[in-house]
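Worksheet for the structure shown next.
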Amino acid sequence: MNTNTPEPKDGAPASPPLSDATHIRSFVHRRGHITQGQREALEQLLDKWSLPYADRRLDLAATFGRDAPTVLEIGFGMGETTQKIALARPGDNFLGVEVFNAGVGALLRRIEESGLQNLRIVQHDAVEVVRDMIPPDTLAGVHVYFPDPWPKKRHHKRRLIQPPFVALLASRIAPGGYLHCATDWQEYAVQMLEVLGAEPLLRNTAADYAPRPDYRPQTKFETRGLRLGHGVWDLIFQRIA
């Protein structure tokens, strides 16, 4: 695997430095439970609704068969929120990135059952997808909802929201586009606010944390946590020119 910053492609500016040597994965593969339905969806629908990872830039208009604003979602879990947002925003394209089979299988089923045409999946490490497949200055938005908080201090280096990756994300968002993060870990929310606030290509749309926007549905897990007095923090930053 190439450990150097990729060369500019198609005349695009080079990506911010993010080598494999400094790329610490924010996930660990475990033998997780997968249902028969999810397994069947992977076998029958993966080729229909997913894109293979490749070290080349996507033509987003060709990918979706239309020219429309494209939103990237990183780590969609079981895909319930992703499905709801894609259904509510038919004029936008959505590209979901997830590594775990159960979640990919679950969202494939949701896509098929809902008849969604504006949602595609890449099953691969998000850092490599953003670095290698997303052209600079193209995304209308990025969603990072409830990423693994890696609560133990010695694991904080595995958190997804770190300065190098945020710089990379910011370079892929078009001016005027947005980066929306949400977490239910206050200490991680504080770190997110610090990291996002330090990125020169981004500006906060709120004084600190933002109200949950209508387009992000409240999950069952989130509703239960709020009822128990747990907090949820949304951060919405805009890409500046």
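Because the structure is predicted, anything quoted here is derived from the model rather than measured.
- Aromatic ring centres of H180 and F237: separated by at least 6.0 Å.
- Side-chain N or O atoms of R159 include one that pairs as donor or acceptor with a backbone N or O of P149 at under 3.5 Å.
- Here the side chain of R239 pairs no donor or acceptor atom with the backbone of A174 at under 3.5 angstrom.
- Judged by distance alone, the side chains of N101 and Q123 do bring a donor and an acceptor atom under 3.5 Å apart.
- Residue L119 holds its CG atom at 5.0 Å from CG of L107, rounded to the nearest 0.5 Å.
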Practice task
Give the C-alpha distance, both sets of side-chain angles, the deciding distance and a yes or no for side chain to side chain donor-acceptor pair (under 3.5 Å) between Q36 and E40.
Solution key: CA-CA 6 Å; Q36 183 62 30; E40 290 174 354; 3.3 Å; yes

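- Hydrophobic clustering (side-chain heavy atoms under 4.5 Å, transitive across Ile, Leu, Val, Met, Phe, Trp, Tyr) groups V142 together with L51.
- D184 contributes no side-chain N or O that, together with a main-chain N or O of V232, makes up a donor-acceptor pair within less than 3.5 Å.
- Of all heavy-atom pairs between P135 and T138, the closest is O-OG1, 2.7 Å.
- Of the listed residues (K84, R109, Q83), just one forms a side chain to side chain contact (heavy atoms under 4.5 Å, CB included) with S114, and that residue is Q83.
- Hydrophobic clustering of Ile, Leu, Val, Met, Phe, Trp and Tyr side chains at less than 4.5 Å, counting indirect connections, keeps L46 apart from M78.
- Remark: the backbone N or O of T81 is not paired with any side-chain donor or acceptor of E73 at under 3.5 angstrom.
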